[in-house]
Amino acid sequence: AISTKSGDYTVLATDYTILIDASANTVTLSLPAASTVTGKTFRFKRLDDQFATYTVIIQTNSTETIDGTDDPTMDVAQYQLLKIVSDGTNWHEMN
């Protein structure tokens with residue numbers, strides 16, 4: 001499944017690829033609990049200019065981390081792909 005988001009969104013277990021447009025506002029994507037989607041991979045691709053006013057936030061559930069950090073701001077260049085996978089406890093970047 002592929003979808004485009006330009007506003008806050010709760011990522012579903014059925015999602016796979018999410019294209020993000022933060023040209024008009026900050027976009028927060030809230031991940032499901034890692035324990036509910038063990039082995040699941042999500043792909044995020046920012047469409048707008050990463051140097052624009054607004055940011056993209058990938059929000060983990062509770063105290064979960066992405067590669068050991070709880071900093072949720074997505075620092076991905078325009079058209080660059082961010083791919084993460086759940087190990088059942090946390091998230092890992094797989095780029």
What distance do [X] atom [atom1] and [Y] atom [atom2] have between them, rounded to the nearest 0.5 Å?
{"X": "Ser3", "Y": "Asp15", "atom1": "OG", "atom2": "CG", "answer": "5.0 Å"}
{"X": "Ile84", "Y": "Trp91", "atom1": "CD1", "atom2": "CH2", "answer": "5.0 Å"}
{"X": "Leu47", "Y": "Thr4", "atom1": "CG", "atom2": "OG1", "answer": "6.0 Å"}
{"X": "Leu29", "Y": "Tyr9", "atom1": "CG", "atom2": "OH", "answer": "9.0 Å"}
{"X": "Leu31", "Y": "Ser86", "atom1": "CG", "atom2": "OG", "answer": "9.0 Å"}
{"X": "His92", "Y": "Asp87", "atom1": "NE2", "atom2": "CG", "answer": "3.5 Å"}

| request: Would you kindly confirm whether Leu81 and Met94 end up in one hydrophobic cluster when ILVMFWY residues are joined by side chain heavy atoms under 4.5 Å apart? | output: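 They do not share one cluster, since no chain of ILVMFWY contacts under 4.5 Å joins Leu81 to Met94.
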| query | Going by the ring pair (Phe, Tyr, Trp, His ring centres under 6.0 Å) test, which pairs reach into residues 14-33, not counting sequence neighbours? | reply | none
| task | Would you tell me whether Asp48 and Tyr54 have side-chain atoms, one donor and one acceptor, within less than 3.5 Å of each other? | result |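 Result is no, nothing qualifies.
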| Any donor-acceptor N or O pair under 3.5 Å, side chains Asp67, Thr69 |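 Result is no, nothing qualifies.
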Using modelled atom types only, decide if a donor and an acceptor are shared between the side chain of [X] and the backbone of [Y] within a distance under 3.5 Å.
{"X": "Lys45", "Y": "Leu82", "result": "no"}
{"X": "Asn90", "Y": "Thr65", "result": "yes"}
{"X": "Glu64", "Y": "Ala34", "result": "yes"}
{"X": "Lys5", "Y": "Ala22", "result": "no"}

| Phe42 and Val11, any side-chain heavy atoms less than 4.5 Å apart | yes
| field | Validation row: Asp21, Val27 side chains within 4.5 angstrom (heavy atoms) | value | no
| task | Check side chain to side chain contact (heavy atoms under 4.5 Å, CB included) between Thr17 and all other residues, then give those that pass, not counting sequence neighbours. | result | Ile2, Leu19, Arg43
